[in-house]
Amino acid sequence: MMALIDSNNFYVSAERVFQPELRDKAGCVLSNNDGCAISRSNEAKEQLGIRMGTPFFMMREQHTSGKLWWRSSNYTLYQDMMRRITQIVRDTFPDQEIYSIDECFCDLATFKHHDLEQVAIDLRRKILQYTGVPVCIGIGATKTLAKIANKLAKKQHKTTGVYYMGTAAQIEQGLKDTEVDDVWGIGPRYGIKLIKAGVYTAYDFVNLPEDYVLKLMTIQGRRTYRELKGLRCIPMEFERPLKEGISTARSFNCMITERAPLEEALACYVANASQKLRAQKSVCARFMVYAQTSQFVVEKDRYTNDIVVKLSQPTSDTGTLITEALKALRRIYVKGYRYQKVGVELRDLRPQSQVQSDLFGKVTVEKQDKLQLAMAAVDHINKVQGRNTIVHGAMGFEKKWSMRQEFLSRRYTTRIEDVIVVKAI
DNA sequence: TCTGGGGTCCTAGGACCC
DNA sequence: TCTGGGGTCCTAGGACCC
């Protein structure tokens with residue numbers, strides 16, 4: 001069997017741990033830039049009908065009238081709370097895959113002779129006691145069935161917070177109680193297709209002929225289908241695989257028309273992405289830069305463009321990447337538009353150790369080695385002394401465009417940036 | 001006025017190779 | 001009627017996840 005441990009309304013729950021005044025009241029955590037709701041308390045869902053992605057301005061009245069609290073997203077806090085939760089889980093279920101910021105899968109193969117339901121109930125209680133975050137645990141034969149069991153735990157088994165989907169009868173009932181577009185792997189598009197074809201529940205779905213599923217939804221759909229029948233098709237990933245691409249982009253807090261601030265922002269994102277690149281000891285051979293206006297403006301004011309740059313020598317050096325990225329941006333920048341976002345995507349990642357010197361390139365292996373040492377030193381200083389202690393000049397200092405985070409809570413559990421105030425020289 | 005960001009995987013079609 | 005066959009690489013777009 002497999003277990004899925006998933007926090008309830010995770011960001012909201014993490015905020016409530018350190019701000020008890022937020023408990024039992026309708027509230028939500030906002031996306032980057034405070035743009036829309038991305039985590040909602042049960043009260044916000046049930047009493048105020050706030051949905052995932054509800055824009056900020058549509059909730060303003062509920063906020064000003066005191067019916068709803070909100071916070072900017074505070075990933076430093078959430079990441080650290082999750083680290084604590086997964087540690088507790090590991091003491092009980094050691095074979096663990098951290099799947100997302102608020103979920104982990106566990107392989108229970110070594111727990112054959114235990115009362116799994118009771119073990120899970122105890123674990124859940126322990127997590128709540130030690131961290132203050134409520135979680136639900138679903139147990140099933142495959143990842144997809146564990147996901148379904150988890151949703152049912154949240155809906156139907158609120159008191160224990162655990163649902164064990166073991167017997168054939170439990171599985172059948174579980175599938176019948178699950179709407180087809182609530183199945184992990186079936187999104188809104190396929191959901192619509194299936195409902196049109198008269199397939200309403202997960203149970204209807206597993207009773208389709210396999211060929212039909214393959215034709216309608218390609219091999220991914222077939223994988224979900226087989227998983228629901230109890231065949232393990234999605235393996236556990238105990239080690240986090242290296243990223244195949246790294247992208248960084250943010251919406252601005254206001255629209256930007258001038259080229260200079262766009263370049264500053266892009267330089268910051270490139271620095272951020274290349275730091276992640278070095279963290280996994282990779283280099284990139286190509287990247288894409290894009291710029292766009294808001295998608296909500298009228299057609300004639302809309303503009304989006306991108307450009308792919310192939311590097312003569314794969315690198316993870318921030319300076320080189322910023323220089324090339326800015327050149328690219330100058331080629332797609334058109335004066336007169338009100339830009340909402342620029343971004344960069346590093347692609348064609350490969351291990352640093354594999355890099356071969358470009359036969360005709362100017363950069364020698366020696367110079368490359370020196371650069372790597374320098375960047376490693378910068379990364380270390382920024383880690384110890386706080387982010388952005390050492391920056392490239394191109395990243396600018398004022399950052400008038402930077403993200404809106406008006407309702408940010410403190411980083412209660414981690415130190416750096418809260419303790420040390422760093423000034424750019 | 002105001003609508004997130006970071007990923008992965010698959011497929012189709014075009015260009016090009018011998 | 002019937003216009004090779006096998007392959008790679010690239011891009012764009014679609015779908016999904018949190």
Side-chain angles (χ1 to χ4, degrees), chain A residues 4-7 9-11 28-39 50-61 63 70 72-75 78-79 82 97-105 143-144 147 150-151 180-194 214-224 227 233-234 237 240-255 265 269 272-273 276-277 280 285-286 288 290 292-298 301 304-308 310 338 340-349 403-406:
Chain A
L4 174 70
I5 294 122
D6 186 323
S7 311
N9 315 330
F10 181 50
Y11 302 168
C28 66
V29 170
L30 302 168
S31 63
N32 279 335
N33 249 318
D34 299 338
C36 63
I38 53 168
S39 176
I50 289 175
R51 301 165 58 142
M52 196 70 168
T54 301
F56 174 87
F57 65 91
M58 284 170 66
M59 304 183 290
R60 180 170 289 145
E61 201 183 308
H63 178 72
W70 54 34
S72 304
S73 35
N74 184 345
Y75 290 102
Y78 311 148
Q79 199 82 59
M82 184 52 178
E97 170 189 339
I98 298 173
Y99 174 68
S100 77
I101 194 164
D102 75 332
E103 300 167 75
C104 64
F105 285 108
K143 282 185 170 178
T144 309
K147 273 272 189 186
N150 189 290
K151 284 216 173 183
V180 74
D181 52 357
D182 269 348
V183 173
W184 187 49
I186 299 178
R189 299 289 172 142
Y190 287 135
I192 289 168
K193 271 194 191 179
L194 287 166
L214 180 63
K215 221 175 132 192
L216 196 76
M217 303 168 65
T218 78
I219 59 172
Q220 306 254 53
R222 186 177 66 186
R223 199 177 62 164
T224 300
E227 280 252 320
C233 303
I234 307 174
E237 282 180 359
R240 180 147 290 206
L242 295 182
K243 290 190 205 329
E244 293 175 6
I246 295 174
S247 55
T248 306
R250 297 273 181 288
S251 297
F252 306 125
N253 65 12
C254 54
M255 301 301 156
Y269 306 155
N272 186 318
K276 288 184 198 161
L277 187 62
Q280 66 164 34
R286 237 173 354 154
M288 183 183 81
Y290 61 92
Q292 55 186 239
T293 59
S294 166
Q295 50 181 324
F296 299 102
V297 297
V298 294
D301 293 332
T304 169
N305 204 351
D306 60 71
I307 192 164
V308 176
K310 204 169 178 170
R338 302 173 72 232
Q340 185 214 22
K341 190 199 264 186
V342 292
V344 63
E345 251 185 71
L346 306 183
R347 294 180 186 176
D348 264 15
L349 310 192
M403 218 164 59
R404 193 160 36 217
Q405 287 189 309
E406 275 182 59

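Numbered from 1 within each chain, the chains take letters A, B, ... in sequence-line order.
Here B:dG5 presents its P atom at 9 Å from OH of A:Tyr75, a figure rounded to the nearest Å. Atoms OH (A:Tyr11) and C1' (B:dG6) sit 11 Å apart, rounded to a whole Å. Remark: C1' of B:dT8 and NZ of A:Lys143 are 13 Å apart, rounded to the nearest angstrom. What separates CD1 of A:Ile219 from P of C:dC16 is a distance of 15 Å, to the nearest Å. Atom OH in A:Tyr290 sits roughly 17 Å away from atom C1' in C:dT11 (whole-Å rounding). Counting to the nearest Å, the C1' atom of C:dC16 and the CG atom of A:Asp181 are 13 Å from each other. Note: OH (A:Tyr190) to C1' (B:dC10) measures 8 Å, nearest angstrom. Rounded to whole Å, atom P of B:dT8 lies 9 Å from atom CD1 of A:Ile246.
In this structure, A:Thr54 reaches neither bases nor backbone, as no heavy-atom distance under 4.0 Å exists between it and the strands shown. Contacts of A:Met59 with the nucleic acid, taken as non-hydrogen atoms under 4.0 Å apart, are absent. The residue A:Arg286 sits close only to the backbone: its heavy atoms come under 4.0 Å of sugar-phosphate atoms, none of a base. Residue contacts shown for A:Lys341 are limited to sugar-phosphate atoms, with no base heavy atom under 4.0 Å away. Residue-level contact check: A:Val297 touches neither bases nor backbone, having no heavy atom under 4.0 Å from any strand. Residue-level contact check: A:Gln295 touches neither bases nor backbone, having no heavy atom under 4.0 Å from any strand. At a threshold of 4.0 angstrom between heavy atoms, the contacts of A:Leu30 with the nucleic acid are absent. Across all strands shown, A:Asp34 has no heavy atoms under 4.0 Å from either base or sugar-phosphate atoms. Within the nucleic acid shown, A:Gly343 has no heavy atom closer than 4.0 Å to any nucleic acid atom.
A pairwise comparison of heavy atoms in A:Ala273 and A:Val344 identifies CB-CG1, 4.4 Å as the closest pair. A:Cys28 and A:Ala37 get closest at one heavy-atom pair: SG-CB, 4.1 Å. Of all the heavy atoms in A:Ile101 and A:Phe10, the pair that sits closest is O-CE2, 3.5 Å. Between A:Ser73 and A:Leu30, the closest heavy-atom pair is OG-O, 2.9 Å.
A:Lys147 has no side-chain polar atom (N or O) that falls below the 4.0 Å cut-off from OP1 or OP2 of C:dC17. Within the structure, every side-chain polar atom (N or O) of A:Arg222 is placed at least 4.0 Å from both OP1 and OP2 of B:dC9. At the phosphate of C:dA15, OP1 or OP2 sits under 4.0 Å from a side-chain N or O atom of A:Arg189. A close approach under 4.0 Å does not occur between any side-chain nitrogen or oxygen of A:Ser251 and OP1 or OP2 of B:dT3.
Distance from the side chain of A:Trp184 is smallest for C:dC17 among the nucleotides B:dT3, B:dT8, C:dC17. Here B:dG7 is the nucleotide among B:dG7, C:dC18, C:dC16 with the atom lying nearest to any side-chain atom of A:Ser247. Proximity note for A:Glu103 (side chain, C-beta onward) versus B:dT3, B:dC10, C:dC18: the nearest is C:dC18. Of the listed nucleotides (B:dT8, B:dC9, B:dT3), B:dC9 has the atom at the smallest distance from the side chain of A:Gln220.
In this structure, A:Tyr11 and A:Tyr78 have parallel ring planes: the angle between them is below the 30° cut-off, well short of the 60° mark. Ring geometry for A:His63 versus A:Trp70: interplanar angle under 30°, hence parallel rather than tilted (30 to 60°).
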From CA spacing to verdict: salt bridge (charged side-chain N to carboxylate O under 4.0 Å, His left out), A:Lys143, A:Glu97: CA-CA 11 Å; A:Lys143 282 185 170 178; A:Glu97 170 189 339; 2.7 Å; yes
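Between A:Phe57 and A:Thr248, the residue anchored closer to the 5' end of DNA chain B is A:Phe57, taking for each the nucleotide with the nearest heavy atom. Mapping A:Asn32 and A:Arg60 onto DNA chain B by nearest heavy atom places A:Arg60 closer to the 5' end of the strand.
Centre separation under 5.5 Å together with a plane angle under 30° holds for the ring of A:Phe296 and the six-membered base ring of B:dT3, marking them as stacked.
With a cut-off of 3.5 Å on both Watson-Crick or G-U wobble distances, the partner of B:dC18 is given as C:dG5.
Rounded to a whole angstrom, the distance from the C1' atom of B:dC17 to that of C:dG4 is 14 Å.
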